[in-house]
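Below is one structure, written out as structure tokens, with a few remarks after it.
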2 protein chains.
Amino acid sequence: MYEALRIYINKYTSSEISDADFEIVTNAFTPKHFIKRQFFLQEGEVCKYSAFIVKGAMRQYSLVNGVENIVSLGIENWWMSDRESYAMLTPSQYNIDAVEDCDVLLVTYEKMVPLVESMPIIARMITMMDQRHSIAMQKRIHNAISLTAEDRFLDLMKTNPVFLQRFPQNMIASYLGITPESLSRIRKKLATK
Amino acid sequence: MYEALRIYINKYTSSEISDADFEIVTNAFTPKHFIKRQFFLQEGEVCKYSAFIVKGAMRQYSLVNGVENIVSLGIENWWMSDRESYAMLTPSQYNIDAVEDCDVLLVTYEKMVPLVESMPIIARMITMMDQRHSIAMQKRIHNAISLTAEDRFLDLMKTNPVFLQRFPQNMIASYLGITPESLSRIRKKLATK
DNA sequence: AAGGAGAATTGACATTTGTTAAGAATGTGT
DNA sequence: ACACATTCTTAACAAATGTCAATTCTCCTT
């Protein structure tokens with residue numbers, strides 16, 4: 001269960017965490033299983049945990065008069081949480097739920113802080129995570145303002161093809177900011193090319 | 001010139017930086033003046049500096065076959081840089097230039113690191129900056145995928161009305177991901193309401 | 001102050017995307 | 001395995017946004 005986290009830490013820092021340190025890390029995390037559709041976070045709650053996905057798939061979305069808008073999708077080795085709510089302890093405007101049955105590792109902000117402060121490798125991991133996240137968001141903004149729906153879909157096919165296997169099309173459409181009908185049409189059009 | 005930076009540090013950390021510490025901080029920064037349209041960063045270059053805007057306005061944009069796509073706008077007390085290029089030393093795909101004559105304070109990543117490591121107040125400032133930036137980007141993504149062009153404009157009017165005073169409409173349109181013509185129509189429609 | 005460049009507006013039309021509704025296909029739980 | 005849910009597709013139409021071209025407006029530069 002924890003092995004995936006160890007691999008993640010080593011991979012994104014290019015150095016090896018010691019067994020002793022990793023033991024301390026694992027003690028800060030709590031394993032949890034979510035069944036499909038189970039909520040990890042509901043609108044109005046404070047997001048107390050950050051979740052490292054060991055197995056499964058999750059999504060983060062707002063719900064505005066019946067319409068779901070997916071701001072983020074995650075699978076194995078991704079972190080899920082509403083960072084704003086998690087760091088500032090404010091009520092979240094988002095929902096996060098399991099798209100598939102999931103095994104995740106949960107950690108609170110309070111348990112994370114001492115790890116970051118005492119272990120350079122963890123501080124480094126967080127820095128890298130934040131950086132990657134920030135770069136990905138910037139790219140998504142750029143795509144949203146500069147590309148057509150079709151080009152955004154093509155970009156997703158290129159950069160995260162695995163999402164198309166793991167998430168139903170209506171969620172992919174929402175993630176791209178279009179309706180399921182539009183995505184269906186776009187796919188049809190691309191198929192003939 | 002440096003006073004704006006001192007105020008910024010104090011404001012976003014709710015504690016006061018000492019004169020001695022601030023002296024060290026100012027030594028890490030270099031003041032620079034940009035005239036309107038002058039480039040701070042051009043596509044293909046590495047973004048060596050982060051710029052704290054003391055006076056003036058700047059924009060960050062990509063240029064894809066003649067079309068400018070503005071990913072970020074900044075005025076007094078904002079930071080401008082391509083964070084990806086700045087932190088990873090990779091060539092940037094963006095341009096940053098002065099929309100008005102600007103006075104800015106420049107700092108390299110190498111000069112920033114020791115400040116962050118030796119002064120908790122600076123580390124805190126960076127954390128707060130990153131957090132605010134990250135929250136703003138998340139909101140922008142959410143707006144892009146869930147709102148119409150009109151609603152995105154209304155949101156901008158509410159959250160950053162000063163931008164409408166400082167940037168020409170074609171830049172506002174680009175920032176919102178629409179054409180200047182569309183923005184003009186939206187404004188006309190709203191005026192009659 | 002005049003001339004010129006850039007910026008904003010407007011209109012006609014094209015294209016993209018959304019909406020609604022229906023049916024087909026697929027998947028899921030018991 | 002069955003029945004029910006959900007998901008996906010399709011079509012016709014509506015609405016939003018883009019494109020192109022012409023005109024007016026604004027403001028900079030000299």
Side-chain angles (χ1 to χ4, degrees), chain A residues 34-38 56-57 59 61 63-70 73 97-102 143-157 163-193, chain B residues 34-38 56-57 59 61 63-70 73 97-102 143-157 163-193:
Chain A
F34 287 92
I35 62 168
K36 190 170 173 174
R37 298 219 171 75
Q38 186 178 353
R59 65 181 176 148
Y61 59 101
L63 197 47
V64 185
N65 45 338
V67 182
E68 294 173 355
N69 291 108
I70 296 180
L73 297 173
D97 66 15
V99 176
E100 306 170 355
D101 288 8
C102 288
N143 283 356
I145 68 171
S146 69
L147 300 185
T148 63
E150 180 175 329
D151 287 338
R152 295 202 299 281
F153 177 66
L154 287 170
D155 182 74
L156 183 64
M157 275 182 65
F163 280 7
L164 307 181
Q165 256 72 58
R166 299 289 289 275
F167 297 97
Q169 265 174 229
N170 59 357
M171 292 188 194
I172 298 289
S174 174
Y175 182 77
L176 293 173
I178 58 178
T179 59
E181 293 89 343
S182 286
L183 180 53
S184 188
R185 271 185 299 234
I186 287 168
R187 278 165 40 88
K188 187 179 179 183
K189 185 179 158 202
L190 290 174
T192 68
K193 285 188 179 170
Chain B
F34 287 91
I35 63 168
K36 190 171 173 173
R37 299 217 170 80
Q38 186 178 353
R59 64 179 175 148
Y61 60 99
L63 196 46
V64 184
N65 43 340
V67 182
E68 293 174 356
N69 290 108
I70 296 180
L73 296 173
D97 66 15
V99 177
E100 306 170 354
D101 288 8
C102 287
N143 284 356
I145 66 170
S146 69
L147 300 183
T148 62
E150 180 175 330
D151 287 339
R152 294 202 299 279
F153 176 66
L154 287 169
D155 182 75
L156 183 64
M157 274 182 66
F163 279 7
L164 307 181
Q165 256 72 58
R166 300 288 289 276
F167 298 97
Q169 265 173 227
N170 58 357
M171 292 187 194
I172 298 289
S174 174
Y175 182 76
L176 292 173
I178 58 179
T179 59
E181 291 93 337
S182 286
L183 180 54
S184 186
R185 272 183 229 120
I186 287 168
R187 277 163 43 85
K188 188 180 181 185
K189 184 179 158 200
L190 290 173
T192 68
K193 288 190 176 172

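Naming convention: chains lettered A, B, ... in sequence-line order (proteins, then strands); numbering from 1 in each chain.
In this structure B:N170 satisfies the side-chain contact (heavy atoms from CB on, under 4.5 Å) test together with B:P168, B:P180, sequence neighbours excluded. Scored by the side-chain hydrogen bond (donor to acceptor under 3.5 Å, both in side chains) test, A:Q38 finds no partners at all (sequence neighbours excluded). For the salt bridge (Lys or Arg N to Asp or Glu O under 4.0 Å) test, no residue two or more places apart in sequence or in another chain qualifies with B:D151. Remark: A:A144 pairs with B:A144 by the side-chain contact (heavy atoms from CB on, under 4.5 Å) rule, at least two apart or across chains. Scanning for side-chain contact (heavy atoms from CB on, under 4.5 Å) contacts around B:L164 gives B:F153, B:L156, B:M157, B:I172, with sequence neighbours left out. Evaluation of the ring pair (Phe, Tyr, Trp, His ring centres under 6.0 Å) rule for B:F163 yields B:W78, B:F167 as partners, not counting sequence neighbours. In terms of the salt bridge (Lys or Arg N to Asp or Glu O under 4.0 Å) criterion, A:R185 has no residue partners (sequence neighbours excluded).
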Would you give a per-nucleotide map of nucleotides 22-30 of chain D, 5' to 3', where B means the base has a protein non-hydrogen atom under 4.0 Å away, S means only the sugar-phosphate does, and - means neither? ---------

Could you write nucleotides 14-21 of chain D as a row of B, S and -, 5' to 3', where a protein heavy atom under 4.0 Å of any base atom gives B, of only sugar-phosphate atoms gives S, and otherwise -? ---SBBBB

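A:I145 and B:L176 make their closest contact through CG2-C, 4.4 Å (heavy atoms, listed as atom of the first residue, atom of the second, distance).
Summary of helix geometry: the two end axes of the helix from C:dA1-D:dT30 to C:dA25-D:dT6, each defined by five base pairs via their C1' atoms, are inclined to each other by 60° (rounded to 10°).
Listed by first then second residue, pairs satisfying salt bridge (charged side-chain N to carboxylate O under 4.0 Å, His left out) with a partner in residues 165-181 of chain B read B:E76-B:R166, B:E100-B:R166, not counting sequence neighbours.
Within the 4.0 Å cut-off from OP1 or OP2 of D:dC8, at least one side-chain nitrogen or oxygen of A:N170 is found. For A:Q169, no side-chain nitrogen or oxygen approaches OP1 or OP2 of D:dT6 to under 4.0 Å.
Taking the 5' to 3' direction, DNA chain C first and last meets chain B under 4.0 angstrom from a heavy atom at C:dA7 to C:dA12.
Although no hydrogens or angles enter the test, the distance criterion places no donor-acceptor pair under 3.5 Å between the side chain of B:R59 and the main chain of B:L73. The backbone N or O of B:I70 lies less than 3.5 Å from a partner atom in the side chain of B:S174, making a donor-acceptor pair.
From A:I35, atom CD1 reaches atom CG of A:D97 across 11.0 Å, with rounding to the nearest 0.5 Å.
Taking 90° from 0 as the syn/anti boundary, the base of D:dA5 is oriented syn.
Considering only heavy atoms from C-beta on, A:M171 stays 4.5 Å or farther from A:E68 through its side chain.
Contact annotation for B:P180: no contact, since no heavy-atom pair falls under 4.0 Å across all strands.
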